[in-house]
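Beneath this line is the structure, given in structure tokens, with notes to follow.
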Amino acid sequence: NCRIRWKMCSDNFLIYAQLPEDEDFLHLTVKGVLMTGAWLQYRMITEYGYMSCGGCCFGNLYVDESYVFGSGLVKAHVLEKEHREPTISVAADVADYLVSRRSGFHDPLESMSLIRRDEKGCYVDYLTHVANMATRGVTENGSLLRIDDTARYHRVAYETIIRPRLMKSIERNKDDEKKMSSLEYKNRWFVDYHNSICEERCFLDEIIEISDSQTTR
């Protein structure tokens with residue numbers, strides 16, 4: 001029952017799991033859902049150039065071949081709409097549960113690195129998570145493989161697919177101030193998020209440089 005499942009509806013991905021009663025399995029299930037979301041978000045960006053957003057919460061959900069409904073779906077939708085950023089927003093009770101485990105249980109640092117908090121709330125820190133998972137790959141002599149490829153793929157996807165697509169959308173919607181503001185905000189957020197992770201992880205060669213003429217609101 002604690003298996004993580006997913007379903008695609010139109011252009012929406014639904015990642016969900018029945019929460020087990022066992023406390024250890026419950027923690028692993030919650031973390032597993034967020035990890036799946038983080039990898040999906042990273043791959044959508046690096047392979048297809050699509051910035052995704054969503055919401056992660058506790059709640060009731062009914063899913064079958066034809067229907068998806070329940071309070072969990074509604075709460076997730078509200079979470080997503082409350083954020084302008086292209087992120088997977090995480091409900092406060094989910095974030096608090098994930099990082100408030102007793103000391104020494106499983107991997108508290110890994111759990112904490114899945115979530116990033118700012119003044120607007122909590123969201124999945126997908127780039128940090130993917131970089132952390134990359135450090136687990138080792139060569140035959142036990143030395144760590146290069147992990148800055150995770151940031152490089154992220155940067156290249158932005159420069160070759162995401163930014164050109166955003167600029168075309170901005171030009172196409174130049175008479176729609178609300179739409180333009182949203183597109184420009186997403187562009188700035190993506191660059192700031194990417195660069196903040198690169199600075200934290202010392203991936204300085206992967207910083208996205210934007211000239212003054214390219215800087216958006």
Side-chain angles (χ1 to χ4, degrees), residues 12-13 15 27 30-31 33-42 44-46 50-59 71-101 103 107-133 150-151 154-155 157-158 162-163 166 169-170 173 176-204 206-212 214-217:
N12 297 295
F13 287 95
I15 303 169
H27 180 262
V30 172
K31 189 176 71 172
V33 168
L34 288 166
M35 291 172 68
T36 304
W39 275 104
L40 178 62
Q41 190 170 21
Y42 180 79
M44 289 294 289
I45 288 169
T46 55
Y50 286 109
M51 294 187 292
S52 55
C53 56
C56 180
C57 63
F58 293 126
S71 63
L73 185 63
V74 174
K75 288 164 66 177
H77 177 71
V78 171
L79 269 174
E80 176 184 342
K81 291 301 180 183
E82 287 178 345
H83 280 238
R84 298 175 65 196
E85 298 81 0
T87 65
I88 299 176
S89 301
V90 181
D93 57 349
V94 175
D96 290 343
Y97 172 77
L98 191 67
V99 302
S100 63
R101 299 292 303 172
S103 176
D107 43 17
L109 290 179
E110 180 181 286
S111 296
M112 292 178 69
S113 72
L114 264 170
I115 304 292
R116 182 164 289 237
R117 297 173 186 255
D118 60 24
E119 67 279 1
K120 298 173 185 176
C122 309
Y123 58 91
V124 174
D125 189 357
Y126 66 90
L127 190 53
T128 292
H129 173 68
V130 173
N132 284 347
M133 292 300 98
T150 58
H154 200 250
R155 174 183 58 78
Y158 172 79
I162 294 174
R163 189 170 196 282
L166 278 170
S169 295
I170 289 171
N173 293 279
D176 186 337
E177 185 174 347
K178 183 176 180 181
K179 183 70 172 177
M180 272 200 42
S181 176
S182 175
L183 291 167
E184 291 173 341
Y185 184 87
K186 288 178 180 179
N187 183 56
R188 170 49 59 191
W189 185 92
F190 187 95
V191 172
D192 288 345
Y193 171 69
H194 172 90
N195 287 349
S196 68
I197 303 302
C198 288
E199 290 169 358
E200 290 172 11
R201 305 301 293 259
C202 295
F203 299 155
L204 301 184
E206 306 304 334
I207 293 287
I208 295 173
E209 301 287 349
I210 295 184
S211 66
D212 290 340
Q214 294 174 317
T215 301
T216 57
R217 287 180 280 183

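Only heavy atoms go into these numbers, but all of them, side chains included; no hydrogens, no water, no symmetry mates. Quantities reported herein were computed from a predicted structural model and do not represent experimental measurements.
In terms of heavy atoms, P86 sits closest to Q41 at O-NE2, 3.4 Å. Across G72 and C57, no two heavy atoms sit closer than the pair O-SG, 3.3 Å. Closest approach of A95 and I115 over heavy atoms only: CB-CG2, 4.1 Å. Scanning both residues, T46 and A157, for their nearest heavy atoms gives CA-CB, 3.9 Å. Of all heavy-atom pairs between E80 and C53, the closest is OE2-SG, 3.2 Å. Nearest heavy-atom pair, C56 versus V94, reported as atom, atom and distance to 0.1 Å: O-CG2, 4.2 Å.
Ring geometry, F190 versus H154: the interplanar angle falls under 30°, so the pair is classed parallel (tilted spans 30 to 60°).
Summarising the geometry, atom CG belonging to D176 is positioned 9.0 Å from atom CG belonging to L183; distances are rounded to the nearest 0.5 Å. H194 contributes atom NE2, which lies 7.0 Å from atom CG of L127 (distance to the nearest 0.5 angstrom). Here the CG atom belonging to D192 is positioned 10.5 Å from the CD atom belonging to E85, to the nearest 0.5 angstrom. The OG atom of S52 sits 6.0 Å away from the CE atom of M44 when rounded to the nearest 0.5 Å. Put simply, CD on E184 and CE on M180 are 4.0 Å apart, with the number rounded to the nearest 0.5 Å.
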Exercise for the section: Evaluate the criterion side chain to side chain contact (heavy atoms under 4.5 Å, CB included) for residue pair F203 and R155; output intermediate values, then yes/no. Expected result: CA-CA 11 Å; F203 299 155; R155 174 183 58 78; over 6 Å; no
Exercise for the section: Quick one: do R116 and E200 satisfy salt bridge (charged side-chain N to carboxylate O under 4.0 Å, His left out)? Show the steps, please. Expected result: CA-CA 13 Å; R116 182 164 289 237; E200 290 172 11; 2.8 Å; yes
Practice task
I would like to know whether V90 and L98 meet side chain to side chain contact (heavy atoms under 4.5 Å, CB included); could you show each step before the answer?
Solution key: CA-CA 11 Å; V90 181; L98 191 67; over 6 Å; no
Problem - Pair Y158-I45, side chain to side chain contact (heavy atoms under 4.5 Å, CB included): steps then yes or no - result: CA-CA 8 Å; Y158 172 79; I45 288 169; over 6 Å; no
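Here the side chain of S181 pairs no donor or acceptor atom with the backbone of E177 at under 3.5 angstrom. The closest donor-acceptor contact from the side chain of Y42 to the backbone of T150 lies under 3.5 Å. Y193 places no side-chain N or O within donor-acceptor distance of the main-chain N or O of T87, the cut-off being under 3.5 Å. For N173 (side chain) and S169 (main-chain N/O), a donor-acceptor pair under 3.5 Å exists by modelled atom type. Proximity of a side-chain donor or acceptor of N195 to a complementary backbone N or O of I207 within less than 3.5 Å is not detected. Between the D93 side chain and the D96 main chain, no donor and acceptor come within less than 3.5 Å of each other. Distance alone, capped at 3.5 Å, places no donor-acceptor pair between the H129 side chain and the L34 backbone. No donor-acceptor distance shorter than 3.5 angstrom exists from the side chain of K186 to the backbone of R84, with no hydrogens or angles considered.
Between I162 and N187 the shortest side-chain heavy-atom distance does not fall below 4.5 Å. Residues V191 and R163 form no side-chain contact, since every pair of their non-hydrogen atoms from C-beta on lies 4.5 Å or further apart. For the pair R201 and T128, the minimum side-chain heavy-atom distance is below 4.5 Å. Between H77 and L73, every side-chain heavy-atom pair lies at or beyond the 4.5 Å cut-off. Between F58 and V30 there is a side-chain heavy-atom pair separated by less than 4.5 Å.
For the side-chain contact (heavy atoms from CB on, under 4.5 Å) test with M35, the passing option among V124, L40, L114 is L114; the others fail.
Aromatic rings from Y123 and W189 are positioned such that their centres are separated by under 6.0 Å.
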